[in-house]
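The structure appears right after this line, and notes come after that.
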Amino acid sequence: VQLQASGGGLVQAGGSLSLSCAASKGTLNLYYMAWFRQAPGKEREFLGTFGGVRGDTILADSVKGRLILSRDNAQNMMYLTLNSLEPEDTAVYYCAAGGIFASRRRYDYDFWGQGTLVTVSS
């Protein structure tokens with residue numbers, strides 16, 4: 001599976017962010033899907049994951065209440081919406097797929113997009 005993230009750019013604090021991740025050479029609905037982000041000088045941070053037959057979902061506490069994850073199996077796409085943006089949300093955002101269970105660990109995901117930079121201005 002190849003993943004391509006898009007939708008990054010400059011956004012205002014207090015606004016919302018919408019990112020897309022397109023999958024090719026594979027079928028997304030076979031996998032758990034996740035989003036991570038990495039701010040300058042920091043470790044890659046888990047944001048959320050969902051998938052599986054029961055739609056298992058885990059959201060990071062740092063974004064719970066602001067983060068919405070969705071997918072469109074027919075289009076082989078996954079989406080992230082993050083509301084009430086803060087300058088601290090500035091990071092490169094990555095989509096990922098893989099695994100056989102919902103996990104917060106980056107090493108449980110086999111496929112990664114290239115990342116898309118989001119800059120939140122105050």
From CA spacing to verdict: side chain to side chain contact (heavy atoms under 4.5 Å, CB included), L59, L69 = CA-CA 9 Å; L59 300 179; L69 301 181; 4.0 Å; yes

Step by step, work out the side chain to side chain contact (heavy atoms under 4.5 Å, CB included) result for V120 and E86.
-> CA-CA 6 Å; V120 181; E86 304 165 354; 5.7 Å; no

Distance from L117 atom CG to T90 atom OG1, nearest 0.5 Å?
-> 8.0 Å

Can you sort out the partners of F46 under ring pair (Phe, Tyr, Trp, His ring centres under 6.0 Å), two or more places apart, ordered by chain and number?
-> F36

Heavy atoms of L67 and L47 approach each other most closely as CD2-O, 3.4 Å

Under 3.5 Å, which donor-acceptor pairs do the side chains of residues 4-18 form with other protein atoms, sequence neighbours left out?
{"from": "Q12", "atom 1": "NE2", "to": "S121", "atom 2": "OG", "distance (Å)": "3.4"}
{"from": "S16", "atom 1": "OG", "to": "N83", "atom 2": "OD1", "distance (Å)": "2.7"}

Minimum heavy-atom separation for G51 to R71, with atom names?
-> CA-NH1, 3.7 Å

Where is the tightest heavy-atom contact between S62 and E45, given as atom of each residue plus distance?
-> OG-OE2, 3.0 Å

Roughly how far apart are L19 CG and C95 SG, rounded to 0.5 Å?
-> 9.0 Å

Flag, side chain of N76 to backbone of G26, donor-acceptor distance under 3.5 Å | yes

Can you find a side-chain donor-acceptor pair between Y32 and D56 that sits under 3.5 Å?
-> yes

Closest heavy-atom pair, S103 versus Y109, reported as atoms and distance to 0.1 Å, is O-OH, 2.6 Å

Do you know the tightest heavy-atom contact between M78 and A96?
-> CE-O, 3.8 Å

Taking C-beta and beyond as the side chain, do Y31 and I100 meet within less than 4.5 Å on heavy atoms?
-> no

Nearest-0.5 Å distance that lies between atom CZ in F50 and atom OG1 in T57 = 7.0 Å

Measure the CD1-NZ distance between I58 and K64 for me, rounded to the nearest 0.5 Å.
-> 9.0 Å

Give the minimum heavy-atom separation between V92 and G115, together with the two atoms involved.
-> CG1-CA, 3.7 Å

Do you reckon M33 sits in the same ILVMFWY cluster as W112, going by side-chain contacts under 4.5 Å, direct or chained?
-> no

Is the NZ or CZ atom of R44 positioned over Y94's six-membered ring, under 6.0 angstrom from the centre and within 45° of the axis?
-> yes

For R37 and L82, run side chain to side chain contact (heavy atoms under 4.5 Å, CB included): C-alpha distance rounded to whole Å, both residues' side-chain angles, the deciding distance at 0.1 Å, then the answer.
-> CA-CA 12 Å; R37 68 184 179 186; L82 186 62; 4.0 Å; yes

Does T116 use its side chain to pair, donor to acceptor, with the backbone of Y93 at less than 3.5 Å?
-> no

Shared ILVMFWY cluster between V1 and L80, side chains joined below 4.5 angstrom?
-> yes

